[in-house]
Chemist: 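Once you've had a glance at the structure underneath, I'll fire off some questions.
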Amino acid sequence: MENMKHRVRAPLFALALAFFSLPALAETYRVDLIVFLDRYASGESGHAPVAPAENAIALDDSAALTAAGITLLPDAEFGLQQQWTQLRNAARFQPLIRLAWTQKDPPSDRGPALKLRQGQLLDVFDPLTASAYTLAPVDGSVALLLNRYLQVDADLRYTVPSGDGFVQYELRERRRMRRDELHHLDSAKLGIVAKVSRVDR
């Protein structure tokens with residue numbers, strides 16, 4: 001009888017061990033995002049241009065996007081069309097960038113960011129380093145993170161001519177995102193509308 005119990009327990013133990021050794025299923029999230037300009041915003045004087053970090057993934061770098069588990073969605077599947085139209089019809093705002101993507105297992109920190117650029121490139125000279133570089137009027141990156149909460153990490157710069165040079169305004173914010181809710185990030189000139197949802201397996 002004791003041997004029979006042992007024979008029954010052994011397969012159950014093996015089954016439990018196999019179950020707990022299975023790899024965790026990847027979670028996939030979808031992000032729909034709009035970057036817009038606030039034409040009438042004030043209260044910040046801006047500063048001399050600073051080049052954004054160059055470690056973000058370009059939207060046309062398909063190999064890097066695939067390696068990061070990121071899939072860009074076609075514009076026809078963009079999920080914030082209503083918000084885009086509302087911004088476009090408002091005298092105060094100008095929608096600049098619209099983007100949607102899915103991402104598997106977002107990192108908790110310092111993960112892959114997407115490079116965002118809009119507008120004709122500007123030739124900027126840095127007198128401190130005596131070097132020149134190009135910068136788009138809207139330039140920077142945005143990333144999806146997941147630690148205890150979902151977060152969108154934005155690092156964007158808006159650069160415009162001023163006198164003999166340029167002045168720059170920043171939108172740098174990491175915001176907790178509740179799933180399936182519309183969120184708004186803003187700064188002196190730039191704003192973001194974003195929504196994050198989980199993709200059903």
Side-chain angles (χ1 to χ4, degrees), residues 29-39 41 43-61 64-65 67-73 80 83-84 87 93-103 105-126 128-129 131-162 165-178 182-196:
Y29 293 89
R30 171 183 174 137
V31 182
D32 290 272
L33 179 142
I34 298 172
V35 179
F36 64 91
L37 174 66
D38 187 340
R39 294 188 177 101
E44 183 178 318
S45 58
H47 55 76
V50 176
E54 293 297 331
N55 58 349
I57 302 174
L59 299 183
D60 59 357
D61 190 343
L65 291 171
I70 295 174
T71 301
L72 299 183
L73 300 178
L80 299 180
Q83 289 74 20
W84 178 269
L87 289 167
F93 304 113
Q94 178 185 351
L96 301 173
I97 299 171
R98 53 192 276 171
L99 185 66
W101 76 91
T102 61
Q103 185 169 344
D105 284 340
S108 60
D109 196 18
R110 300 181 184 278
L114 293 175
K115 181 74 172 176
L116 300 185
R117 304 187 101 180
Q118 190 273 341
Q120 187 174 353
L121 293 180
L122 308 170
D123 293 319
V124 179
F125 179 76
D126 186 349
L128 295 178
T129 61
S131 61
Y133 57 90
T134 59
L135 190 66
V138 177
D139 210 320
S141 63
V142 64
L144 179 66
L145 305 174
L146 176 59
N147 36 61
R148 291 184 62 190
Y149 310 103
L150 284 165
Q151 297 177 320
V152 164
D153 188 6
D155 182 3
L156 295 174
R157 292 162 171 78
Y158 177 60
T159 307
V160 292
S162 176
F166 298 92
V167 63
Q168 190 176 82
Y169 304 87
E170 293 185 353
L171 193 171
R172 300 184 67 181
E173 184 176 352
R174 181 178 292 191
R175 172 71 64 87
R176 175 183 173 184
M177 308 291 287
R178 295 184 183 275
L182 206 61
H183 293 266
H184 177 218
L185 294 72
D186 62 1
S187 65
K189 295 292 184 181
L190 290 178
I192 286 177
V193 176
K195 181 179 179 181
V196 181

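In what follows, every heavy atom counts, from backbone to side chain, and hydrogens, waters and symmetry copies are set aside. These figures come from a predicted structure and were not determined experimentally. Each residue takes its place number in the sequence, starting with 1.
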Chemist: Is there a side chain to side chain contact (heavy atoms under 4.5 Å, CB included) between Val167 and Val160 once you walk through the steps?
Modeler: CA-CA 6 Å; Val167 63; Val160 292; 3.5 Å; yes

Chemist: Indicate the atoms forming the closest heavy-atom contact of Leu80 with Val193, along with that distance.
Modeler: CD1-O, 4.0 Å

Chemist: Evaluate Val35 against Val142 for side chain to side chain contact (heavy atoms under 4.5 Å, CB included), listing each step before the verdict.
Modeler: CA-CA 10 Å; Val35 179; Val142 64; over 6 Å; no

Chemist: If every non-hydrogen atom of Gln168 is compared with every non-hydrogen atom of Arg157, which pair is closest and at what distance?
Modeler: OE1-CD, 3.4 Å

Chemist: What's the separation between atom CE in Met177 and atom CG in Leu182, rounded to the nearest 0.5 Å?
Modeler: 8.0 Å

Chemist: With a 4.5 Å limit on heavy-atom distance, are the side chains of Ile192 and Val152 in contact?
Modeler: no

Chemist: Indicate the ring-plane relationship of Phe93 and Phe36, choosing parallel, tilted or perpendicular according to the 30° and 60° boundaries.
Modeler: perpendicular

Chemist: Test side chain to side chain contact (heavy atoms under 4.5 Å, CB included) on Leu116 and Val138 and set out the steps.
Modeler: CA-CA 7 Å; Leu116 300 185; Val138 177; 5.8 Å; no

Chemist: In Å, rounded to the nearest 0.5 Å, how long is the span from CG of Asp155 to CD of Glu173?
Modeler: 12.0 Å

Chemist: Which heavy atom of Ile57 sits nearest to which heavy atom of Ala64, and what is that distance?
Modeler: CG2-CB, 3.7 Å

Chemist: Could you grab the distance from atom OH of Tyr169 to atom OG1 of Thr159, nearest 0.5 Å is fine?
Modeler: 10.0 Å

Chemist: Do the side chains of Asp139 and Lys115 get close enough for a salt bridge, i.e. N-O under 4.0 angstrom?
Modeler: yes

Chemist: What pair of heavy atoms forms the shortest contact from Asp32 to Ala100, and how long is it?
Modeler: OD1-CB, 3.2 Å

Chemist: Nearest heavy-atom pair of Leu145 and Arg174: which atoms, and what distance?
Modeler: CD1-CZ, 3.4 Å

Chemist: Taking atom CG of Asn147 and atom CZ of Arg176, what is their separation to the nearest 0.5 Å?
Modeler: 10.0 Å

Chemist: Tell me the closest heavy-atom pair linking Gln118 and Ala136, and the distance in Å.
Modeler: O-CB, 3.8 Å

Chemist: CG/Leu114 to CD1/Ile97 distance, rounded to the nearest 0.5 angstrom?
Modeler: 11.0 Å

Chemist: I need the single residue from Thr71, Val196, Leu73 that forms a side chain to side chain contact (heavy atoms under 4.5 Å, CB included) with Arg30. Which is it?
Modeler: Leu73

Chemist: Between CD of Gln83 and CG of Leu33, what distance do you get to the nearest 0.5 Å?
Modeler: 12.0 Å

Chemist: Quick one: is the NZ or CZ of Lys189 closer than 6.0 Å to the six-membered ring centre of Tyr158, and within 45° of its axis?
Modeler: no

Chemist: Report, as yes or no, whether the 6.0 Å neighbourhood of atom CZ on Arg178 holds more than 12 heavy atoms from other residues, nucleotides or ligands.
Modeler: no

Chemist: Tell me, with the steps shown, if Leu146 and Gln103 meet side chain to side chain contact (heavy atoms under 4.5 Å, CB included).
Modeler: CA-CA 11 Å; Leu146 176 59; Gln103 185 169 344; over 6 Å; no

